[in-house]
*Asks:* 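Sending over a structure as C-alpha cells; questions will come in a sec.
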2 protein chains.
Amino acid sequence: MTETTPALPDYLHLTEQHRELLDQVLDKWSLHVLAALCEEEPLRFNELRRAIPVVTQKSLTAALRRLERNGMVERCVTSTRPVAVEYRITPLGQSLQDLIDALLRWTTSTLPAVERARAHFDHA
Amino acid sequence: MTETTPALPDYLHLTEQHRELLDQVLDKWSLHVLAALCEEEPLRFNELRRAIPVVTQKSLTAALRRLERNGMVERCVTSTRPVAVEYRITPLGQSLQDLIDALLRWTTSTLPAVERARAHFDHA
DNA sequence: CCGGATCCTCATGGATACTG
DNA sequence: CAGTATCCATGAGGATCCGG
C-alpha cells in the first residue's frame, strides 16, 4: 500500500481541462477586462474599449465572448435604438478576480528578484 | 481628499511588466515543467521530455530557457562525456509552484460551474 | 452603438535533420 | 545526451468594411 509517487493530491494534477480553462480565462485581454470591470461596473462595449489600452474590437469581442461562455462575465442587452450592451462580473468571475489579485501580488513581490535573475542571465 | 476611484491598491494595477512576467511563466509548457519538477527533482532533459506528454525538444528547450532566465529553474551542467544536464526548481520557482497550486485548486473547484455555464451558452 | 465578416501578416509551434 | 538549425503549417491578432 506504500505509494511510490504520491507527492501530489489529485487537484494538483495538470490535466488538459485545467490548462484549457486557465488559457481561456487568464489570457492577455481577459486580464484587462476583469481589471477594468473590477474598478467600475457595469461597462458598455465602447467604454471597455476606451478603458483598455489599444485593444481592437475583434480581440475585445473575442475576450468578452470567451469570458461570457465560461460564466465569468454577464452580457445584458437593452433593446433600445440603438441597442445598449452592458457587461458585469458574475460571482464566478469574482472568484477569478480574487485569483488574479493573488497573481498580481505575486508578480509585484517577485519582480525585483526576477529582474536580477534576468540581468544575470542576459549578462552571459 | 476623497478619491473618486481608489478601489484598487497599486499592486493590483495590471501593468505591462506584470503581464509579461505572467505570460513567460504561466504558459502551457512551463506549467508542465513545474509540475514535473515538483513531483521529482532533479530531472535531466530527456527525463523531462518523457515526463511531459508530447512536448517537442524545441518547445521544451524554449520553456526551460525562459524559466531559467526568469530565475524559476536552475540548470546544472556536468561536463562528462556525454554531458549531463540537470534541472532543479529554485526558491523563486517554488513560490511560483505555490501559485500554480492555487490556480489548479481554483480550476478544480470551479470547473463544474464553468461547464454548466458553457453548456448554457452553447445551447443558445 | 455594437459588433459580424474578410483579408492579411506575422509570430509560434511542430516536424525533421544535424552536431558537440 | 542535449541541444541547434531549418522549413513549414497554423492560428492569433490587426485593419478595414459593412450591417442591425
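Each chain gets a letter, A, B and so on, in the order its sequence line appears, and its residues count up from 1. Values in this document were obtained by computation on a predicted structure and should not be read as measured data.
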*Asks:* Atom CH2 of W29(B) and atom C1' of dT12(C): how far apart are they, to the nearest Å?
*Replies:* 13 Å

*Asks:* Where the side chain of Q57(B) is defined as all heavy atoms beyond and including C-beta, which of dT4(D), dG14(C), dC1(D) is the nearest nucleotide?
*Replies:* dT4(D)

*Asks:* Does dG20(C) have its OP1 or OP2 closer than 4.0 Å to a side-chain nitrogen or oxygen of R81(B)?
*Replies:*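 No, R81(B) has no side-chain N/O under 4.0 Å of OP1/OP2 on dG20(C).
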
*Asks:* Counting side-chain heavy atoms from C-beta on, which of dC2(C), dG3(D), dG14(D) comes nearest to T56(A)?
*Replies:* dG14(D)

*Asks:* Quickly work out the D23(A) CG to dG11(D) P distance and round it to whole Å.
*Replies:*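 Roughly 15 Å, once rounded to whole Å.
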
*Asks:* Judged by atom type as modelled, is there a donor-acceptor pair below 3.5 Å linking the side chain of T108(B) to the main-chain atoms of L104(B)?
*Replies:*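 Yes; judged by distance alone, with no hydrogens or angles, the pair exists.
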
*Asks:* Measure from the side-chain heavy atoms of Y87(A) and tell me the nearest of dG3(C), dG3(D), dG14(D).
*Replies:* dG3(C)

*Asks:* Using modelled atom types and a 3.5 Å cut-off, is there a donor and acceptor pairing between side-chain atoms of S109(A) and backbone atoms of R105(A)?
*Replies:* yes

*Asks:* Select base, sugar-phosphate, or nothing to describe what R44(B) touches, counting heavy atoms under 4.0 Å on all strands.
*Replies:*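 Answer is sugar-phosphate: R44(B) comes under 4.0 Å of backbone atoms only.
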
*Asks:* Assign each of L64(A) and A62(B) to its nearest nucleotide of DNA chain C by heavy atoms, then name whichever residue's nucleotide is nearer the 5' end.
*Replies:*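 Counting from the 5' end, the first nearest nucleotide belongs to L64(A).
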
*Asks:* Please give, in whole Å, the distance from dA2(D) P to R75(B) CZ?
*Replies:* 10 Å

*Asks:* Considering only dC2(C), dA15(C), dG4(C), which nucleotide approaches the side chain of K58(B) most closely?
*Replies:* dA15(C)

*Asks:* Could you tell me how far apart E47(B) (CD) and dC1(D) (P) are, to the nearest whole angstrom?
*Replies:* 10 Å

*Asks:* Contact class for R49(A) (heavy atom, under 4.0 Å): base, sugar-phosphate, or nothing?
*Replies:*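 No contact.
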
*Asks:* Apply side-chain contact (heavy atoms from CB on, under 4.5 Å) to the pair R66(A) and M72(A), showing each step before the final yes or no.
*Replies:* CA-CA 9 Å; R66(A) 250 195 325 274; M72(A) 301 294 152; over 6 Å; no

*Asks:* Just compare dT4(D), dG3(C), dA2(D) and give me whichever is closest to any side-chain atom of V85(B).
*Replies:*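 When the side chain of V85(B) is considered, dA2(D) is the closest of dT4(D), dG3(C), dA2(D).
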
*Asks:* Assess whether side-chain contact (heavy atoms from CB on, under 4.5 Å) is satisfied between Q17(A) and E115(B), documenting all intermediate values.
*Replies:* CA-CA 10 Å; Q17(A) 287 198 330; E115(B) 280 173 347; 3.5 Å; yes

*Asks:* Would you mind reading off the distance between N46(B) atom CG and dG3(D) atom P, rounded to a whole angstrom?
*Replies:*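 It is 9 Å, rounded to the nearest whole Å.
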
*Asks:* Could you tell me the separation between the CG atom of L60(B) and the P atom of dA15(C), rounded to a whole number of Å?
*Replies:* 14 Å

*Asks:* Apply side-chain contact (heavy atoms from CB on, under 4.5 Å) to L64(A) and F45(A), showing your working.
*Replies:* CA-CA 9 Å; L64(A) 286 170; F45(A) 185 81; 3.9 Å; yes

*Asks:* Return the value, rounded to whole Å, for the distance between atom NZ of K28(B) and atom P of dG13(C).
*Replies:*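 After rounding, the gap between these two atoms is 9 Å.
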
*Asks:* Within this structure, what is the CZ-to-C1' distance between R50(B) and dC1(D), rounded to whole angstrom?
*Replies:*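 These atoms are roughly 10 Å apart.
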
*Asks:* Given dG4(C), dG20(D), dG13(D), identify the nucleotide with an atom nearest to the side chain of S59(A).
*Replies:*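 Looking only at side-chain atoms, S59(A) lies closest to dG13(D).
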
